[in-house]
Amino acid sequence: MNISDSERVRAVIEGMGFKHTDKEEDAHLLGIISCSVRQKPIDKVYSRIHKWNKIKAKKNLFTFVTGCVLPDDKEKFLKLFDFVFEMSELNDFPNMLKEYGVASPVSLQDAFNTGIEINKTKSKSSNNNKFKPVKVAVNKKDIFPSNEHIFDLWHVKPNYQSDFEAYVPIQNGCNKFCTYCAVPYTRGREVSRPSGEIIDEVVSLMKNGYKSITLLGQNVNSYGFDCDDELSFAKLLEAIGKEGEKLGNTAWVYFTSPHPLDMTSDVIEAIAKYRVLAKQIHLPLQSGDNDVLERMNRKHDLNKYRESVNFIRELLPQATLFTDIIVGFTGETEEQFVNSMKAFDEFKYNMAYIAMYSPRPGATSYKWADDIPKETKKERYRRLSDKLEDVSLPYNKSLIGKVMKVLVRTTERKTGYLSGHTEGKIVTRIISKDKSLIGKFVQVKITEATGFSITSELAD
Ligand code: SF4
């Protein structure tokens with residue numbers, strides 16, 4: 001989501017005439033797309049802005065922060081940055097700068113005529129682009145960021161940072177309120193992007209040769225729930241599937257993240273039916289214990305999750321399965337943790353993003369005791385990582401000797417190798433020095449496998 005946001009921020013800034021530089025010291029405008037999911041990225045924001053404010057003492061420099069920011073941090077950031085705004089206010093940024101009295105490389109009068117595509121007719125917001133200082137939360141009502149202007153953000157044509165991989169936001173915000181999570185407080189309530197815009201963007205990407213396209217949202221499979229006359233998520237996938245067929249199925253279309261509660265059979269059926277929809281499912285479990293799931297307010301239990309996985313295995317036997325899981329959630333007993341280990345045995349994940357629980361200010365569980373010692377969290381993290389390696393290895397080994405299509409993404413750190421992934425997002429290092437293959441699909445033969453990756457060589 002932050003990559004996608006940064007592509008739109010960059011489009012607006014470059015539309016004002018600013019040019020990108022790799023050196024912070026050379027910049028006149030520096031900004032951060034923040035992430036509040038864990039504390040570490042927020043700590044980095046503080047260390048970075050202190051560095052920037054030292055540069056600022058010597059030259060004309062303006063700083064901004066946007067993205068996921070919690071109300072408490074927002075209040076502190078207002079004292080440290082020149083601009084603090086929500087992503088939905090991005091279209092106002094040129095005017096904020098103008099009202100601040102900044103001379104940009106081109107006249108900011110023309111900011112909206114320099115390639116930034118803004119479809120004002122579809123916008124649900126007003127056109128008065130006045131700089132409004134960020135509202136600092138003072139009561140419950142103010143805690144939820146307004147998504148009033150999110151439609152304007154989606155009308156900004158992103159400056160894609162890759163010519164073969166792209167991220168397409170389909171929704172913003174979340175209504176689920178998991179007790180450990182700050183997203184509903186940083187991104188507001190769910191708003192679905194009009195399906196016509198999504199399909200147009202995906203079709204345009206496919207026509208331009210993009211190979212990997214990811215539909216983004218905090219809760220993609222509740223897409224359309226906030227509208228009276230919008231497609232369901234399954235219907236949206238079908239529409240994309242049909243467009244993919246017309247264009248010769250030249251890409252892999254992924255989505256992230258769905259919620260197990262809203263995972264319906266028609267979503268799986270659509271993936272099975274259309275070739276362009278990649279056979280890889282990321283289904284966050286978060287805990288393998290029903291009591292912990294209840295305290296997390298996940299609104300689903302193991303049985304509901306199991307039903308979805310069984311249906312995926314039945315309809316998409318070739319699909320890989322990824323998950324997110326938290327270890328050391330407040331009050332998690334050893335027995336409850338072992339239930340997460342058992343879930344790994346049962347669901348045989350191909351990949352899992354394991355996080356050690358950390359309380360997020362503003363989230364409900366922040367008020368609860370963070371009573372699992374750090375050492376215990378680390379130990380559970382290690383045990384679950386080992387378990388992941390065990391359960392993912394047999395699938396990876398089964399690929400040895402097979403010829404598969406992979407997307408080459410980059411070079412490996414070790415010379416003589418490229419890096420890519422299969423349709424199921426199994427990472428492979430490919431024995432080849434041919435950098436011209438980056439961004440292309442190639443056929444490879446799998447030669448070796450570990451729990452977390454496979455090695456391959458180019459096939460004829
Ligand atoms: S579903 Fe839960 S974890 Fe995911 S964004 Fe919403 S509140 Fe956060």
Side-chain angles (χ1 to χ4, degrees), residues 1-5 33-42 67-73 86-88 137 140 143-145 147 150 167 169-193 214-226 233 254-264 267 281-302 304-305 308 321-330 332 340 343 352-368 370:
M1 189 61 88
N2 279 23
I3 293 172
S4 170
D5 284 349
I33 321 286
S34 161
C35 171
S36 294
V37 168
R38 300 198 199 132
Q39 187 55 38
K40 208 170 163 188
I42 293 298
C68 278
V69 181
L70 284 163
D72 279 2
D73 289 316
E86 285 166 21
M87 276 303 296
S88 57
K140 186 83 177 163
I143 278 175
F144 302 106
N147 269 329
I150 195 74
Y167 299 90
I170 68 165
Q171 174 203 55
N172 187 68
C174 182
N175 293 352
K176 290 286 190 287
F177 292 92
C178 301
T179 52
Y180 55 82
C181 180
V183 164
Y185 309 97
T186 60
R187 288 200 178 253
R189 310 306 292 267
E190 277 173 21
V191 182
S192 299
R193 185 180 181 190
T214 304
L215 309 178
L216 288 177
Q218 274 76 36
N219 240 318
V220 283
N221 49 347
S222 61
Y223 175 82
F225 284 8
D226 56 305
F233 183 58
Y254 299 91
F255 57 82
T256 194
S257 290
H259 192 291
L261 180 70
D262 303 321
M263 190 49 111
T264 49
V267 169
I281 312 271
H282 184 121
L283 197 58
L285 176 63
Q286 307 299 7
S287 169
D289 184 88
N290 280 338
D291 288 340
V292 176
L293 286 174
E294 199 175 331
R295 275 189 296 115
M296 288 177 164
N297 194 29
R298 286 291 289 171
K299 303 183 177 78
H300 66 85
D301 60 12
L302 255 292
K304 163 73 188 144
Y305 190 91
S308 296
L321 185 65
F322 287 25
T323 200
D324 297 327
I325 198 122
I326 297 171
V327 295
F329 183 63
T330 171
E332 184 190 64
S340 290
Y353 301 99
I354 305 169
M356 287 184 280
Y357 171 69
S358 73
R360 305 305 302 124
T364 304
S365 69
Y366 187 70
K367 298 182 217 114
W368 305 344
D370 180 17

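One-based numbering, in listed order, for ligands and for the atoms of each. The residues of the chain are indexed from 1 along the displayed sequence.
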So is R298 touching ligand 1 or not, going by heavy atoms under 4.0 Å? yes

The criterion is side chain to side chain donor-acceptor pair (under 3.5 Å); which residues satisfy it with R295, sequence neighbours excluded? none

Listed partners of H259 passing side chain to side chain donor-acceptor pair (under 3.5 Å), at least two apart: none

Just checking, is any N or O donor in the side chain of Y357 or S365 under 3.5 Å from an acceptor N or O on the other one? yes

So do the side chains of Y223 and L215 get within less than 4.5 Å of each other, counting heavy atoms only? no

Tell me the protein N, O or S atoms under 2.8 Å from atom 6 (Fe) of ligand 1, in chain and number order. C174 SG

Would you check if the distance from the ring center of Y254 to the ring center of Y167 is below 6.0 Å? no

Q218 backbone acceptor or donor facing S257 side chain under 3.5 Å: no

Under 4.0 Å from a heavy atom of Y180: give me the atoms of ligand 1 that qualify, with their elements. 3 (S)

Please, which pairs that meet salt bridge (charged side-chain N to carboxylate O under 4.0 Å, His left out) have at least one residue in residues 214-224, sequence neighbours excluded? none

